[in-house]
Amino acid sequence: MERVLTRDVKSHAGKRVLVRGWLHKKRLIGGINFILLRDRGGVVQVVVQDEAELEKLRSLQIGTVLAVEGDAVEEGRAPGGAEIHEPRITVEVPVTDEPIIEIDKPLSHKHENLDTLFDYRHLGLRNLKEQEVFKIRAALVRRIREYLTQNEFTEIHTPKLLAGATEGGAEVFKTDYFGKEATLAQSPQLYKQMLVGAFERVYEIAPAFRAEPSATTRHMSEVYMLDIEMGFINGLDDVLNTVQDMTHYALIKIYGECAEELKNWEAPELVLKEKFPRYTVAEVHELYTKATGTDTTHEKDLIPDEERWICEHAKKEQGCEAVFVTHFPKE
RNA sequence: GGGGCUGUGGAGCAGCGGAGUGCUCGUCUCCCUGUCACGGAGAAGGUCGCGGGUUCAAAUCCCGUCAGCCCCGCCA
């Protein structure tokens with residue numbers, strides 16, 4: 001029998017269907033029992049009343065891979081409005097290890113728990129809410145690609161294992177390349193510039209590696225970076241306008257298509273205008289110093305608190321929380 | 001690199017010098033025919049991160065060490 005996704009059970013009401021996926025939750029009430037089955041489309045409820053079928057799941061843990069053949073039934077009391085009755089259950093891959101992470105409940109993201117969360121991320125991501133973070137990220141990247149493609153940027157993929165450093169400043173990770181020293185790319189900068197000569201407009205979304213002694217969320221040794229390079233510009237404004245329009249496009253799209261996910265994660269309302277406010281580093285120092293009394297006018301760069309502050313400031317004063325800060329370093 | 005904090009059953013936490021390490025969730029057994037973070041009864045599960053010291057007595061205080069987290073710096 002052809003496999004049906006959990007989200008399509010409702011449209012198959014009245015027919016016999018086969019679903020395959022992971023055991024997501026058991027709710028054993030007694031004479032009637034509910035099990036939830038998860039696949040890439042979500043979760044469907046299966047009603048188990050036959051003792052022999054239920055016995056197949058005894059001592060099997062959440063995560064067990066199942067095939068369930070049964071009657072698709074429209075049912076208002078079921079989550080999603082449909083469920084499967086009279087199931088015939090086949091255990092495809094039994095799981096007997098006790099679950100470390102409870103995937104049907106909200107996961108704690110308190111920083112004390114991050115170690116556990118990261119160690120078992122593959123399990124935690126079976127939590128439907130956790131998956132939303134990845135869906136939002138994937139949608140954002142897709143929309144950025146879409147915008148850049150529409151504007152005739154060619155996507156490139158450049159080497160990450162290099163003979164030397166590409167950019168001054170950041171420390172590079174050194175590694176062995178068949179007896180010779182190699183470094184992990186800290187930026188695709190040189191390749192981008194070379195390829196502007198071929199394609200005029202290029203971009204890359206790829207990891208960059210920096211061996212900074214940093215141990216905070218502000219900067220990590222491995223980050224995913226969007227790099228854009230374009231030729232035949234008339235000045236800085238052309239660059240800013242491209243980044244501005246791309247950001248505006250992608251965020252508006254995301255807030256539409258991921259509205260439910262963003263709401264679940266209590267994302268704040270998007271406060272954005274088509275034209276982002278533009279400041280110089282020196283201007284931000286002046287505004288910040290005046291507003292907070294902390295003198296930053298001697299700083300070359302924005303301090304971390306200024307970065308947060310200027311966005312809040314622009315949100316209140318300009319109705320747009322995205323800003324450009326240019327003319328670094330302050331001379 | 002500087003500062004602050006945390007390591008206690010599988011997970012999250014409480015206990016912070018003195019009687020038996022306690023709670024919530026999970027796991028196992030039994031009961032339960034519409035649950036949806038189901039409910040009820042019972043049970044199992046712990047070198048209190050590791051090493052040393054102080055003390056009549058250490059999960060608790062001190063020193064060291066390992067692991068992790070946060071802020072700043074570093075970085076664009």
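Residue numbers begin at 1 in each chain, while the letters A, B, ... track the order of the sequences. Note that the structure is predicted; figures quoted are calculated from it, not measured.
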All N/O donor-acceptor pairs, side-chain side in residues 225-237 of chain A, below 3.5 Å, sequence neighbours left out:
unit_1: D227(A); atom_1: OD1; unit_2: K192(A); atom_2: NZ; d: 2.6
unit_1: E229(A); atom_1: OE1; unit_2: K192(A); atom_2: NZ; d: 3.1
unit_1: D237(A); atom_1: OD1; unit_2: R278(A); atom_2: NH1; d: 3.2

Taking the nucleotide of RNA chain B with the closest heavy atom to each, which residue, F34(A) or K105(A), is nearer the 5' end? K105(A)
Could you tell me whether the phosphate oxygens of [N], OP1 or OP2, come under 4.0 Å of any side-chain nitrogen or oxygen in [X]?
X       : N      : result
T116(A) : G12(B) : yes
R27(A)  : C38(B) : yes
R58(A)  : U29(B) : yes
K25(A)  : C38(B) : yes

So, do I35(A) and R27(A) sit near enough that their side-chain heavy atoms are less than 4.5 Å apart? no
How would you summarise protein contacts on nucleotides 39-49 of chain B per nucleotide, using B for base, S for sugar-phosphate only and - for none, with heavy-atom distances below 4.0 Å? -----------
Contacts under 3.5 Å, N or O only, protein and nucleotides 8-10 of chain B:
none

Candidate nucleotides A37(B), U35(B), G34(B), ranked by approach to the side chain of D104(A) - the nearest: A37(B)
R77(A) CZ - U33(B) P separation (whole Å): 15 Å
d(CD, E307(A); P, C74(B)) in whole Å: 12 Å
With sequence neighbours excluded, tell me which residues meet salt bridge (Lys or Arg N to Asp or Glu O under 4.0 Å) with R40(A). none
Of L287(A), T326(A), L302(A), which is the lone residue that meets side-chain contact (heavy atoms from CB on, under 4.5 Å) with Y279(A)? L287(A)
Could you write out RNA chain B as dot-bracket? Rules: Watson-Crick or G-U wobble, both distances under 3.5 Å, brackets [ ] for crossings, | for pairs with another strand, dot for unpaired. (((((((..((((....[...)))).(((((.......))))).....(((((..]....))))))))))))....
Is the charged tip of R145(A) near the ring of F153(A): under 6.0 Å from the six-membered ring centre and within 45° of its axis? no
Pick one: which of Q45(A), K10(A), R77(A) meets side chain to side chain donor-acceptor pair (under 3.5 Å) with E83(A)? Q45(A)
Could you tell me whether E53(A) and K56(A) have a side-chain N and a carboxylate O separated by less than 4.0 Å? yes
If the condition is ring pair (Phe, Tyr, Trp, His ring centres under 6.0 Å), which residues does Y147(A) pass it with, not counting sequence neighbours? Y249(A)
Once you apply a heavy-atom cut-off of 4.0 Å, does Q61(A) come out as touching a base, just sugar-phosphate, or nothing? sugar-phosphate
